There are 2 protein chains.
Amino acid sequence: MADKEPKFTRDLPESRRRQLIEATARSLARYGLDGTTVRVVAAEAGVSPGLVRHHFAGMHDLIAETYRWTGKEVEKALRAALSAAPNSPEGQLRAFVDASFSAPMLDPDLLGVWLTFWSLTRTDPEIHAIHGKVYADYRRRLQMHIGGIAEERRLDLDARLAALAFTALLDGLWLEHCLDPTTFTAVEARQIAHDWVDNLKAGRFMATARAEIVTPAQAKAG
Amino acid sequence: MADKEPKFTRDLPESRRRQLIEATARSLARYGLDGTTVRVVAAEAGVSPGLVRHHFAGMHDLIAETYRWTGKEVEKALRAALSAAPNSPEGQLRAFVDASFSAPMLDPDLLGVWLTFWSLTRTDPEIHAIHGKVYADYRRRLQMHIGGIAEERRLDLDARLAALAFTALLDGLWLEHCLDPTTFTAVEARQIAHDWVDNLKAGRFMATARAEIVTPAQAKAG
DNA sequence: TTAAGTATTATACATACGTACAATAGTACT
DNA sequence: AGTACTATTGTACGTATGTATAATACTTAA
């Protein structure tokens, strides 16, 4: 009957902030933006509602912080996969594909979080700015590897346009697979993405369109 | 000083319902799901808040109804573009690409509405069901045309997988263009999508992967 | 012109939200 | 052991939400 257990335990601000951020991510995924309230997040983190305002300027700030954190978390996972892969442009691109449709990226909750942020991008200037930064990094890296392949193989291609196409394909596959995983499997998504890289290597990206500039062609369809 | 103007004008339920639905779509696009309240929608439609509950079971019902309406509206626009195009599989596919990156589809507000629904898909069973129906129709039509091209040209390809890839590419391009139109133009999106069709016609979809099954290949990257 | 029907308004109500603030109590340091 | 610090709690407040309901008045038909 000596020492009763404490009502709560203290924690370092940095640690507590991350707990709240992770709780927010879980809540966004499960209950959506509507369902993500101060009280829900606090309960999810196992603390009292008042603590949120002690560590963050407000609910809005907490959500913006959660975006930054999630973006970094994804980047970290991808970076890890890339560092374990061959250092060639193709090796990196292949690893990127595999990582995009593997463990941490396939978490259905991740899409839930991401959709919320995409929505907010249209309304909220702060979120919009964060979005721009996250995506610029993402595309720049892909474009670099695609440019590397083009150089190796002396292909005449628009690396920027190819990166746009590849990004769109990956995002589209990821989006639709997460929205309804019963439609197609992650393995099929990987196959499709790898096939795109196969065609890129073979110099088939925008090959027909370029040929038609050199040799004006007849009507395409009819 | 004879007849004073009426405080309000009556309307047929069907007409009023559509006004409220359109107001909801505008609100979702501009203010997001959070900002779309009974009072905001009513003000947007120019009626009193109470009228919403008279024509719909509740706010939730109005939003679900708005999803159905938006889905049909998009389908109507695409269908119009397709009926004006050549009736060949390729003609239809080309028209689909052009329509996907033309006038009504490029409305930034449309993405705003769509993102909201994608978010809700994860939380709300009713919205999830509507989503399944909308996308099944969408994919089925594309798969039909892709299958048609394969048949015409005697290509050995998995039409289902090709339709998945094409859908993902279109959705990804559309999503990213609408999220930030400064990154690339609608014309570039069209070019990329048409190039995919070019490669499909040439029998290059999944061609490398199939060849490797017949002739086991060496390691892909290193 | 009158009357019936109902689309429409206006108000009221319970609930849940974000925020503010004072009280509490773990924790580290002397 | 005592003390200062502050992370943490608990409660209270104003506001905005969705819904319910009664009163109003436009519109059609007799």
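Residue numbers start from 1 in every chain, and the chains themselves are labelled A, B, ... in the order their sequence lines are given, proteins ahead of strands. Since we're looking at a predicted model, the values are computed, not measured.
- Using a 4.0 Å cutoff on non-hydrogen atoms, no part of residues 14-30 of chain A comes near DNA chain C.
- For A/Arg17, there are no side chain to side chain donor-acceptor pair (under 3.5 Å) partners at least two apart in sequence or on another chain.
- As a whole-Å value, the separation of A/Phe8 CZ from C/dT24 C1' is 7 Å.
- Distance NE2 (A/His54) to P (C/dG18): 19 Å, rounded to an integer number of Å.
- If you take NE2 of B/His60 and C1' of D/dT17, they are 16 Å apart, rounded to a whole angstrom.
- With sequence neighbours excluded, the residues that form a side chain to side chain donor-acceptor pair (under 3.5 Å) with B/Tyr135 are B/Asp171.
- For B/Arg79, the salt bridge (charged side-chain N to carboxylate O under 4.0 Å, His left out) criterion is met by B/Glu75, not counting sequence neighbours.
- For the atom pair CZ of B/Phe101 and CG of B/Leu170, the computed distance is 5.5 Å after rounding to the nearest 0.5 Å.
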Side-chain polar contacts of residues 63-74 of chain B - donor-acceptor pairs under 3.5 angstrom, sequence neighbours left out - could you list them?
unit_1: B/Glu65; atom_1: OE1; unit_2: B/Arg68; atom_2: NH1; d: 3.1
unit_1: B/Thr66; atom_1: OG1; unit_2: B/Leu62; atom_2: O; d: 2.7
unit_1: B/Thr70; atom_1: OG1; unit_2: B/Thr66; atom_2: O; d: 2.7

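- Across all strands shown, A/Val52 has no heavy atoms under 4.0 Å from either base or sugar-phosphate atoms.
- Considering only residues two or more places apart in sequence or on other chains, A/Asp180 meets the salt bridge (charged side-chain N to carboxylate O under 4.0 Å, His left out) condition with none of them.
- In this structure, CG on A/Leu164 lies 8.0 Å from CD on B/Glu176, to the nearest 0.5 angstrom.
- Listed by chain and number, the residues in a salt bridge (charged side-chain N to carboxylate O under 4.0 Å, His left out) with A/Asp137 are A/Arg140 (sequence neighbours excluded).
- In terms of position on DNA chain D, the residue among B/Met59 and B/Thr9 whose nearest nucleotide sits closer to the 5' end is B/Met59.
- Atoms CZ (B/Phe56) and P (C/dT8) sit 12 Å apart, rounded to a whole Å.
- Taking atom CG on A/Leu12 and atom P on D/dC5, their separation rounds to 18 Å, with Å as the unit.
- Relative to the side chain of A/His55, the nucleotides C/dG26, D/dA25, D/dT8 differ in distance, and D/dT8 lies closest.
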Atom pairs under 3.5 Å, N or O on each side, protein against nucleotides 10-17 of chain C: can you list them with distances?
none

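- Nucleotide C/dT19 holds its C1' atom 14 Å from the CG atom of A/Asp61, rounded to whole Å.
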Donor-acceptor contacts under 3.5 Å from residues 142-149 of chain A side chains, at least two apart:
unit_1: A/His145; atom_1: ND1; unit_2: A/Arg141; atom_2: O; d: 3.4

